[in-house]
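Here the structure comes first, spelled out in structure tokens, and everything after it is commentary.
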Amino acid sequence: ASSAVRLPPGVTRSVAGSRKPVPGERTVVVTRQAPTRDQRSGADSRAGIGISFGLTKSGEAFITGLSPHGPAKSCKQLHVGDQILAIDGVDVAGWQVGDILALILGPPGAKLRLDVLPAPSPAPSP
């Protein structure tokens, strides 16, 4: 099985890999969910990490939810409100939801690297 990242039409590897780090960003490595009984029987089984995300009008991707028992929540390093900057080293700014999802989904048990900008911490209550 190939582990090559499939880029959207018009995006080349050199463009995708040329992102400069953003101050405050961090890299989180998460293992995609282990295959379920149903996935084990499927030839084209792909797994995610248990996040939902949305896009702003300017094309920035933000985590909007974490599956209660998913790998993203279990790792305790990803949170609702975190901005997804890159997936496996590929800058996702301006990408469509389906293209980002294609990067997230992969072989069950495989590692996924997310570069995220943590959500701002809420101000302390007076």
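Source: prediction; values computed, not measured. Position 1 is the first residue of the sequence; numbering continues from there.
For Ala72 against Gly50, the heavy-atom pair with the smallest separation is CB-O, 4.2 Å. For the pair Ile104 and Phe53, the tightest heavy-atom approach, listed with the atom from each and the gap, is CD1-CE2, 3.8 Å. For the residue pair Ile100 and Ala61, the shortest heavy atom distance occurs at CD1-CB, 4.0 Å. Closest of all the heavy-atom pairs between Gly24 and Pro118 is O-CD, 3.3 Å.
Separation of atoms CZ (Arg46) and CG (Leu105) is listed at 4.5 Å; rounding is to 0.5 Å. One distance of note links NE2 of His69 with CD of Gln33; it measures 11.0 Å at 0.5 Å rounding. Taking CD from Gln83 and CD from Glu25, the interatomic distance works out to 10.0 Å, rounded to the nearest 0.5 Å. Taken to the nearest 0.5 Å, the CD1 atom of Ile51 stands 7.0 Å off from the CG atom of Leu78.
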Could you go through Arg26 and Val116, starting from their C-alpha distance and side-chain angles, then the distance that decides it, and tell me whether this counts as side chain to side chain contact (heavy atoms under 4.5 Å, CB included)? CA-CA 6 Å; Arg26 69 172 183 257; Val116 298; 3.9 Å; yes

Verdict with reasoning, Leu85 to Val22, per side chain to side chain contact (heavy atoms under 4.5 Å, CB included): CA-CA 9 Å; Leu85 302 170; Val22 173; 4.0 Å; yes

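Neither Val29 nor Ile49 shares a network with the other; the hydrophobic side chains, linked directly or stepwise wherever heavy atoms of I, L, V, M, F, W or Y lie under 4.5 Å apart, form separate groups for each.
Side-chain atoms of Thr27 do not come within 3.5 Å of backbone N or O of Asp115 as any donor-acceptor pair.
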Could you list the donor-acceptor pairs under 3.5 angstrom formed by side chains in residues 106-114, with sequence neighbours left out?
| from | atom 1 | to | atom 2 | distance (Å) |
| --- | --- | --- | --- | --- |
| Lys111 | NZ | Thr31 | OG1 | 3.0 |

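Put simply, the residue from Asp82, Thr56, Ile84 that forms a side-chain contact (heavy atoms from CB on, under 4.5 Å) with Phe62 is Thr56.
The shortest distance between side-chain heavy atoms of Trp95 and Leu55 does not fall below 4.5 Å. Contact annotation: the side chain of Val28 approaches that of Cys75 to within less than 4.5 Å [non-hydrogen atoms, C-beta and beyond].
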